[in-house]
K.L.:
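The structure that follows is given in the form of structure tokens.
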Amino acid sequence: MSEISINIKGIGEHTFSPGITPLEIKNQIKGIQKNSIICKVDGDLIDLSSKISKSCEIQFLDAQSKEGHSVLLHSTAHLMAQAVKRLFPKTKVTIGPYLENRFYYDFDVETPFTEDDLVKIEDEMLKISSEDLEIIHEVKSREEAIKYFDKIDENYKVEIINDLDKDEILKTYSQGEFTDLCRGPHVHSTGEIKHFKLLSSSAAYWRGDEKNQTLQRVYGTSFQNPKDLKKYLNQLEEQKKRDHRKIGKELDLFFFDDEVGPGLPLWTPSGTVLIDQLEALAKEKETAGGYLRVRTPHLTKGDLFSKSGHLDHYMSSMFSPMDVDGIDYYMKPMNCPYHHKIFANTPKSYRDLPYRISEYGTCYRYEKSGELFGLMRVRSMQMNDGHIYCTAEQFKEEFINVCNLYMEYFKIFGIDKYEMRLSLHDPKGLGDKFINNPKLWKKTEDDVRNALKGAKLKFVESVGDAAFYGPKIDVQVWSSIGREFTLATNQVDFAIPERFDLTYTDKDGSAKTPLCIHRAPLGTHERFIGFLIEHFGGNFPLWLAPKQVTILPVSDKFNDYAEEIKKDLMSKGIRISLDNRSEKIGSKIRDAEMQKINIMVIVGEKEVENKTLTIRRRFIKEQKELSLDDFSNEILSEINERRVSN
RNA sequence: GCCUGCGUAGCUCAGUAGGUAGAGCACUUCGUUGGUAACGAAGAGGUCACCGGUUCAAUCCCGGUCGUAGGCUCCA
């Protein structure tokens, strides 16, 4: 057989006998990075032990590359599974994929893992690593694979194989006594996996279905380099410090009370400042965008929600009804039905469209107890809600304007890590989860997709995440501990206008049905503020900060001067406090820093004499001396511009 | 809702082979009047989440409830 030519990326062409493996190439050819753990042949990731039969291009990768790292993570999941099987032989393995910087493996075990168990598993993993077991892959026929996994009593694996496509190539990976069904590829020996850490264990359902068996999921992380592992673990610690639940407590922004109920936040004066600022921002932008503001009740007769479809499609997220004079009343889970009522209250002409109305309407949703999460997931929420009623011709522009509005907001806050997601219906849920009208779904989804493409907005698509009444654009963000949330949303509703018999009189005098766009560019106060707390780590920009300025007299002797300054700044609308305790200046500064107050105004003998203030900004030691007027002018313009720096 | 862990002063946390509890910070008072991240002293504070059970005795052991954490599922 003739030789084959392999172009090694970064090295050059070499000839080999067919059947050569990347591992052999790595050992033979000088200059290939020693820490390569996997390779790509003509763009496909393959095991280092795979045989190469024809000329190709090969690229060796270490775990610094995203693909290399994901292989390492995946292989670490297998290593963990092997350790678990050694320690708890009755365990049945299921699946163990990699995520970004993490992996997990789901196990069916008799008793859930304790923290001690995780330590034991980790120790066993280190042991297997030092055994340096070769990881061998084999292609198996369907029958062979089923027979094998059946024999070793791994029924989940058998179930997986039975569900795979008939022409799927089945592979097993073996390391020592442990064999797993897997697509691979994997690193070539357990000795390659050295620097890992198990992070947590929790429950998960088999195949993500709550009707199925509860499995134990163990999360972990793994790196090639101990420094990278340390860095990642530090990063996780740092992220925990930004957790809005922690900062919310430290800065006294909001809290939950057992006697009030879970998921029902109480906003303190400081937290309420954040709400007020957001609301002022929304009001300003919406007024400029042609919205009219409205107000609607929190409680309503069931008939309205029956008409809107909520009782059919949304009941599981609604609080149980209360009986009022023999009639069922519900807390509102959304504001839309009221806005439709307002639209319909007076006759509309084509001249009234687009008709845009908005409010910060408080909604109440029954979220299952285990789903509650700080401010990010609550049961009472103040929604930056609004509805646009427009003609088909106006739709595209209106829809994109909403997208632009939330981009504008994001710019104000400096939010740049988000993902726009076009959420589509899942045909399987029609009639139950979604309104049953396949044609309208298709048309509306196409319209939205085209509008987005026309505006050159980047987005991903997600099937099954639509609202029950129409497709939507969700803006996804991540909390500091990595959970994903929808921050803003922009939704189309093709069903409601008809259900509510909403019409307008067109130019020709005929009655037409408008399109309806639901939108919540700032989401809800709860989630948006929860997100902002983490985004800023509690260090709010001046315009948003609950405590903008504090005056720190050097000693009691200057309290009167401080009081004058306080009065002046307060009259200008600045959120100001005065620390007149008999404490040393250093102590007052420390307390102000801990409270993350933006600006400290220090006054002592010098300032009283000069009629000035000494200004010290949060985290900045350098100070400057200013007159009261110069100072207030300076910060007022910073506030009015909603500047984000510091 | 499901699985597991956790619940001690306003906050962060000690503690008890079962004999009703302690620190630091914060708070109040007194002294100190101090120039850039903690001045000193004293005082006040708790049905040890709640309800039952076992026990002479429960904060501790057992059961239940509620809350909470990590996930799963679900969502703004």
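In what follows, chains are A, B, ... by sequence order, proteins preceding strands, each numbered from 1.
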K.L.:
I would like to know whether A:Glu124 and A:Lys85 meet salt bridge (charged side-chain N to carboxylate O under 4.0 Å, His left out); could you show each step before the answer?
P.N.:
CA-CA 10 Å; A:Glu124 190 64 34; A:Lys85 289 286 290 190; over 6 Å; no
K.L.:
Is the distance between the ring centroids of A:Phe434 and A:His313 under 6.0 Å?
P.N.:
no
K.L.:
Determine the contact category for A:Lys606: base if any of its heavy atoms lies under 4.0 Å from a base atom, sugar-phosphate if only primed atoms, P, OP1 or OP2 are that close, otherwise nothing.
P.N.:
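Touches a base.
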K.L.:
Measure from the side-chain heavy atoms of A:Glu371 and tell me the nearest of B:U73, B:C3, B:A37.
P.N.:
B:U73
K.L.:
If only side-chain N and O atoms count, and only distance matters, is there a donor-acceptor pair under 3.5 Å linking A:Ser317 with A:Glu367?
P.N.:
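There is no such pair between these side chains.
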K.L.:
Have a look at A:Gly586 and say if it touches a base, only the backbone sugar-phosphate, or nothing, with a 4.0 Å heavy-atom cut-off.
P.N.:
sugar-phosphate
K.L.:
So what does A:Arg519 hit on the nucleic acid, given a heavy-atom distance under 4.0 Å: a base, only sugar-phosphate, or nothing?
P.N.:
nothing
K.L.:
From the set B:G1, B:U32, B:C27, return the single nucleotide nearest to any side-chain atom of A:Arg379.
P.N.:
B:G1
K.L.:
Measure CG/A:Asp116 against C1'/B:C6 and give the value in whole Å, please.
P.N.:
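Checked: the CG to C1' distance equals 15 Å.
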K.L.:
NA contact type, A:Phe558, heavy-atom cut-off 4.0 Å: base, sugar-phosphate, or nothing?
P.N.:
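Nothing: the residue A:Phe558, judged by heavy atoms under 4.0 Å, touches no strand.
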K.L.:
Distance check, C1' atoms only: B:G71 and B:G64, in whole angstrom units.
P.N.:
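Approximately 25 Å lies between the C1' atom of B:G71 and that of B:G64.
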K.L.:
If you measure from the C1' atom in B:G67 to the same atom in B:C30, how many Å do you get, rounded?
P.N.:
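It works out to 41 Å between them.
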K.L.:
Could you tell me whether A:Glu238 and A:Lys241 have a side-chain N and a carboxylate O separated by less than 4.0 Å?
P.N.:
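Looking at A:Lys241 together with A:Glu238, the answer is yes, because their closest N to O distance falls below 4.0 Å.
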K.L.:
Mind listing the side-chain donor-acceptor pairs of residues 620-627 of chain A below 3.5 Å, one per line with the distance, residues two or more places apart or on another chain?
P.N.:
unit_1: A:Gln623; atom_1: NE2; unit_2: A:Lys621; atom_2: O; d: 2.8
unit_1: A:Lys624; atom_1: NZ; unit_2: A:Glu634; atom_2: OE2; d: 3.1
unit_1: A:Glu625; atom_1: OE2; unit_2: A:Asn610; atom_2: ND2; d: 3.1
unit_1: A:Glu625; atom_1: OE2; unit_2: A:Thr612; atom_2: OG1; d: 2.7
unit_1: A:Ser627; atom_1: OG; unit_2: A:Asp630; atom_2: N; d: 3.1
unit_1: A:Ser627; atom_1: OG; unit_2: A:Asp630; atom_2: OD2; d: 3.4

K.L.:
By nearest atom, which of the nucleotides B:C39, B:A76, B:A37 is closest to the A:Glu593 side chain?
P.N.:
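From the listed options, B:A37 comes nearest.
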K.L.:
What integer distance in Å separates A:Lys624:NZ from B:G35:P?
P.N.:
24 Å
K.L.:
Can you classify the ring geometry of A:His78 versus A:Tyr105 as parallel (below 30°), tilted (30 to 60°) or perpendicular (above 60°)?
P.N.:
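It falls in the perpendicular class, over 60°.
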K.L.:
Please state how far atom CD1 in A:Ile95 lies from atom C1' in B:C72, giving the value in whole angstrom units.
P.N.:
12 Å
K.L.:
Of the candidate nucleotides B:G35, B:A37, B:G70, which contains the atom at the shortest distance from the side chain of A:Ser202?
P.N.:
B:G70
K.L.:
Counting only side-chain heavy atoms from C-beta out, which of B:G67, B:G34, B:A76 sits nearest to A:Thr489?
P.N.:
B:A76
K.L.:
Determine the interatomic distance between P on B:U68 and the same-named atom on B:C39; round to the nearest Å.
P.N.:
37 Å
K.L.:
Counting any heavy atom closer than 4.0 Å, what does A:Leu487 reach on the DNA or RNA strands: base, sugar-phosphate only, or nothing?
P.N.:
sugar-phosphate
K.L.:
The side chain of A:Glu367 is closest to which nucleotide in this list: B:C39, B:U4, B:C74?
P.N.:
B:C74
K.L.:
Any idea which of B:G1, B:G35, B:A38 is nearest the A:Ile585 side chain?
P.N.:
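Selected nucleotide: B:G35.
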K.L.:
Expressed as a whole number of Å, how far does the C1' atom of B:A9 sit from that of B:A49?
P.N.:
14 Å
K.L.:
Show me the dot-bracket string of RNA chain B, counting Watson-Crick or G-U pairs under 3.5 Å, with | for pairs to another strand and [ ] for crossing ones.
P.N.:
(((((((..((((.....[..)))).(((((.......))))).....(((((..]....))))))))))))....
K.L.:
Which whole-number value in Å describes the distance from A:Glu250 CD to B:U12 P?
P.N.:
9 Å
K.L.:
NA contact type, A:Tyr219, heavy-atom cut-off 4.0 Å: base, sugar-phosphate, or nothing?
P.N.:
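Sugar-phosphate: the residue A:Tyr219, judged by heavy atoms under 4.0 Å, touches backbone atoms but no base.
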K.L.:
So what does A:Glu259 touch, heavy atoms closer than 4.0 Å: a base, only the sugar-phosphate, or nothing?
P.N.:
nothing
K.L.:
Between B:C6 and B:U20, how far apart are the two P atoms, rounded to whole Å?
P.N.:
25 Å
K.L.:
Just call it for A:Phe255: base, sugar-phosphate, or nothing, with non-hydrogen atoms closer than 4.0 Å on any strand.
P.N.:
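No contact.
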K.L.:
Take the protein atom CZ of A:Arg377 and the nucleotide atom C1' of B:A76, then report the distance between them rounded to whole Å.
P.N.:
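That distance rounds to 8 Å.
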K.L.:
Out of B:U36, B:A37, B:U33, which nucleotide sits closest to the side chain of A:Lys557?
P.N.:
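Minimum distance to the A:Lys557 side chain belongs to B:U33.
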K.L.:
Below 4.0 angstrom from OP1 or OP2 of B:G1, is there any side-chain N or O of A:Tyr366?
P.N.:
yes
K.L.:
A:Gly604 near the nucleic acid: base, sugar-phosphate alone, or nothing, with a heavy-atom cut-off under 4.0 Å?
P.N.:
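Contact class for A:Gly604: base.
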K.L.:
If you check every side-chain atom of A:Arg590, which of B:C3, B:A38, B:G70 has the closest atom?
P.N.:
B:A38
K.L.:
Using the side-chain heavy atoms of A:Ala203, tell me which of these nucleotides is nearest: B:G34, B:C3, B:C75.
P.N.:
B:C3
K.L.:
Counting any heavy atom closer than 4.0 Å, what does A:Met381 reach on the DNA or RNA strands: base, sugar-phosphate only, or nothing?
P.N.:
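Result for A:Met381 = base.
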K.L.:
Students often get this wrong, so: under 4.0 angstrom with heavy atoms, is A:Glu526 touching a base, only sugar-phosphate, or nothing?
P.N.:
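Nothing, no nucleic acid heavy atom in range.
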K.L.:
Report yes if a side-chain nitrogen or oxygen of A:Arg245 is closer than 4.0 Å to either non-bridging phosphate oxygen (OP1 or OP2) of B:G70; otherwise report no.
P.N.:
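Answer yes for this pair, as a side-chain N or O of A:Arg245 is under 4.0 Å from OP1 or OP2.
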K.L.:
Mind checking A:Ser316 for me? I need base, sugar-phosphate or nothing, with any heavy atom below 4.0 Å counting as a touch.
P.N.:
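Result for A:Ser316 = nothing.
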K.L.:
Under 30°, 30 to 60°, or over 60°: which ring-plane class applies to A:Tyr330 and A:Phe305, parallel, tilted or perpendicular?
P.N.:
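Rings of A:Tyr330 and A:Phe305: perpendicular, as their planes differ by over 60°.
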K.L.:
Rounded to whole Å, please give me the gap between CD in A:Gln491 and P in B:C75.
P.N.:
12 Å
K.L.:
Taking B:U59 as the reference, what is the distance to B:G15 when you measure between their C1' atoms (whole Å, please)?
P.N.:
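Those two atoms are separated by 10 Å.
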K.L.:
Return the 5'-most residue of the pair A:Gly261, A:Lys249 with respect to RNA chain B, ranking by each residue's nearest nucleotide.
P.N.:
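Result: A:Lys249.
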K.L.:
Mapping A:Asp258 and A:Val554 onto RNA chain B by nearest heavy atom, which one lands closer to the 5' end?
P.N.:
A:Val554
K.L.:
Provide the distance between the two P atoms, one in B:C61 and one in B:A23, to the nearest whole Å.
P.N.:
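Looking at atom P only, B:C61 and B:A23 are 24 Å apart.
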K.L.:
Between A:Leu99 (CG) and B:G70 (P), how many Å, whole number?
P.N.:
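Between P of B:G70 and CG of A:Leu99: 17 Å.
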K.L.:
Under 4.0 Å, counting only non-hydrogen atoms across every strand here, what does A:Arg217 touch: a base, just sugar-phosphate, or nothing?
P.N.:
sugar-phosphate
K.L.:
Once the angle between the rings of A:Tyr314 and A:Phe468 is folded into 0 to 90°, is it parallel (under 30°), tilted (30 to 60°) or perpendicular (over 60°)?
P.N.:
tilted
K.L.:
Taking the C1' atom in each of B:U32 and B:G24, what is the distance between them to the nearest angstrom?
P.N.:
23 Å
K.L.:
Enumerate the residue pairs fulfilling salt bridge (charged side-chain N to carboxylate O under 4.0 Å, His left out) with a member in residues 267-280 of chain A, sequence neighbours excluded, ordered by first and then second residue.
P.N.:
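Every candidate salt bridge (charged side-chain N to carboxylate O under 4.0 Å, His left out) pair involving residues 267-280 of chain A fails, so no pair, neighbours aside, qualifies.
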K.L.:
What nucleic acid atoms does A:Ile602 come within less than 4.0 Å of, heavy atoms only: base, sugar-phosphate, or nothing?
P.N.:
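Base: the residue A:Ile602, judged by heavy atoms under 4.0 Å, touches a nucleobase.
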K.L.:
Taking the inter-plane angle between the rings of A:Phe254 and A:Phe256 on a 0 to 90° scale, is it parallel (under 30°), tilted (30 to 60°) or perpendicular (over 60°)?
P.N.:
perpendicular
K.L.:
From OH of A:Tyr205 over to P of B:G70, roughly how many Å is that when rounded to an integer?
P.N.:
17 Å
K.L.:
For a quick test of reading the model: is some side-chain N or O of A:Ser201 closer than 4.0 Å to OP1 or OP2 of B:U4?
P.N.:
no
K.L.:
Counting only heavy atoms not in A:Glu115, do more than 12 fall under 6.0 Å of its CD?
P.N.:
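12 or below, so no.
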